[in-house]
Number of protein chains: 2
Amino acid sequence: MELRLLRSYVAVAEELHFSRAALRLHIAQPPLSRQIQRLEEELGVQLLKRTQRRVSLTEPGRQFLESARAILAQVEASVSLVRRMDRGEAGHISIGMTSSVAFGDALPRLLRRYREGHPAVSISLQEMSAGEQMAALREGRIQVGFMRPPLREARVSLIPFTREPLVAVLPAEHPLAGRRRIPLKALARDPFITVPRSEAVGGLDLVLEACLQAGFRPEIAQQALEIPSVIGYVAAGFGVSLLPQAARRLAHGGVSFVDLSTPRVFIEMAAVRLAGQDTPLLAGFLGEVGGIASRKARG
Amino acid sequence: MELRLLRSYVAVAEELHFSRAALRLHIAQPPLSRQIQRLEEELGVQLLKRTQRRVSLTEPGRQFLESARAILAQVEASVSLVRRMDRGEAGHISIGMTSSVAFGDALPRLLRRYREGHPAVSISLQEMSAGEQMAALREGRIQVGFMRPPLREARVSLIPFTREPLVAVLPAEHPLAGRRRIPLKALARDPFITVPRSEAVGGLDLVLEACLQAGFRPEIAQQALEIPSVIGYVAAGFGVSLLPQAARRLAHGGVSFVDLSTPRVFIEMAAVRLAGQDTPLLAGFLGEVGGIASRKARG
DNA sequence: CAGTTTGATATCAAGAGGGTATCAATGGAA
DNA sequence: TTCCATTGATACCCTCTTGATATCAAACTG
């Protein structure tokens, strides 16, 4: 059974006229007659009743017309789908992200924008730590991870996505609360609340680095697993913290967010993929990531 | 795009090995390589990654494998369906029947039996008068009608199905009620309730004929459209009636069914189809009708 | 580093598929 | 009734696709 036979059959069954069908198929009538004969022979079923003057469908022939149409449509749809996948217009992307990424609005905005331009791409999002993301990337469970550098991993490629300043988070009753900006070293004597290194690569390290740059070694009073918990500890007066700008949206009465005048420390987020894993789909997605990043950098 | 390419692709994509796939397809390896190349060229999409040592699927390739499998399965299913239709094992039959047919259990039993042997045949049943059935047959709305002969129609063929005696229906207080059997002429002075000729071909005619045969001309007191109404009129004392044996199942306290000793008048039911409309499906169905009829006749 | 495995390439033979000419049957027109 | 036009089938030829064989090139194995 070949599709040519099905195409020929559909033409004949729709026209109910061999010569017209042949015209439509851009072949001559005799080969078309032979094709239909061969099709019927192959099926062992009479599809057409020819009275040498009028062609009509038998009951199986009517059914087969529908089947043939459906098959040809499915073939066409499959070809179209695979082509769109090849152009990166269709497919599925599984994305991992650290919980800290979820607080910003950069990723949601990226995804909304991307999906508008790529309606045939389905996307699944999973929250996982940086380490879990690396494992998931290697096992193919996700194709892209969103996490905060630096990474110690080789064999990955990294597309910078967002870059935002760390800001100080103080209890509402802290003497410096309410200032527009303060130097980091003003917090030299305060205990610090941080997220542990394993949870968000760069979180703890960046804080340490910033403090050292400001000329003091911070006292880590408490470690909290999630950013809301950090804010809770600060509000309860356990100490101060440095958090990405985006955490401001979690502010409440008990805490005050204050910009740092010096040193200005930036925390970055990047899209990460396994090196050498560049499908057109990923390329398109990461292109969007890079495009947004560079547009922000310029603006 | 031809199915041969899809079959070849499925083999290669499943084996991930050209030589093994070629073996499975019973062709040599070089033509197989060319087929896949041509397929990829035709799609404009790279489906396989060959490292000259290892073959793996690209993402579109994985998708296309699924599509190809689905298409081939659909082709196979369509071929199988059309073959079963050709053998009369699958399809649809629309059947018309007069309301009087519905009272017997012969048709339900026939259908039950037929469906057991032909699970892929769907059947629709519609109640309509004999005249409506003829129109429906001609317009193709039904393929078989069940009605009572005689027919005045030409161009139909008729397969006898059931043949049952008429029995007398008397009001419970009728002097002859309760007898095992009576001659029809015992009812010569009773008024008769019948169904009109247009509703059930043969009903009225048969009664008239039977009475004339018994030597009297019956007085038609009342015409009722449906058999239950006839029984209602009889129960109400409007008169007596002659009904097919099968009407016994509608008996209730107000009426008495009494066999006729003479003349024994039989009312027949037949399956009717348009002459020249013999599909394998219909042939199988009508074969079953005839089979049951002849089995009953013998038994 | 040699040998084996494996997909690609080149070339040839066979067969499938399309084209032209023609036939046979049917239905309508004269 | 007869003749002609229409339409699907048949016969025959030619081309191009498809498969087979021989061979190559690259890469993994030991």
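To find a chain, count down the sequence lines: A is the first, B the second, and so on, and within it residues start at 1. Computation of the quantities below employed the complete heavy-atom set of this structure, encompassing side-chain atoms and omitting hydrogens, waters and symmetry-equivalent molecules.
- Here the CD1-NE2 distance, from A/Ile93 to A/His118, works out to 8.0 Å after rounding to the nearest 0.5 Å.
- Looking at the side chain of B/Pro31, the nearest of the listed nucleotides D/dA9, D/dA20, C/dG7 is D/dA20.
- Here the nucleotide nearest the side chain of B/Val55, chosen from C/dG7, D/dA22, C/dT20, is C/dG7.
- Distance CG (B/Leu48) to P (C/dA8): 9 Å, rounded to an integer number of Å.
- Minimum atom distance to the side chain of A/Gln35 is reached by C/dG18, of the listed C/dA21, C/dA8, C/dG18.
- No side-chain donor-acceptor contact under 3.5 Å links A/Gln126 to the backbone of A/Gly96.
- For the pair B/Arg54 CZ and D/dC28 P, the interatomic distance rounds to 7 Å; values are reported in whole Å.
- The backbone N or O of A/Pro160 lies less than 3.5 Å from no partner atom in the side chain of A/Glu268, so there is not a single donor-acceptor pair.
- At a threshold of 4.5 Å between non-hydrogen side-chain atoms, the residues A/Arg24 and A/Glu14 count as touching.
- In the region residues 6-21 of chain A, proximity to DNA chain D at under 4.0 angstrom, judged on heavy atoms, holds for A/His17, A/Phe18, A/Ser19.
- Closest approach to the A/Ile27 side chain among C/dA8, C/dG19, D/dG8 is made by C/dG19 (side chain taken as heavy atoms from C-beta onward).
- Between A/Gln37 and D/dT10 there is a side-chain N or O to OP1 or OP2 distance below 4.0 Å.
- Counting only distance, with no hydrogens or angles, the side chain of B/Gln143 and the backbone of B/Ser94 share a donor-acceptor pair below 3.5 Å.
- Atom-to-atom, CG of A/Leu32 to C1' of D/dG8 comes out at 10 Å; the value is rounded to the nearest Å.
- As rounded to whole Å, 19 Å separates atom C1' of D/dT7 from atom NZ of A/Lys49.
- Residues B/Arg34 and A/Arg4 each lie close to DNA chain C; by heavy-atom proximity, the contact nearer the 5' end of the strand is made by B/Arg34.
- Rounded to whole Å, the distance from CG on B/Leu39 to P on D/dT17 is 16 Å.
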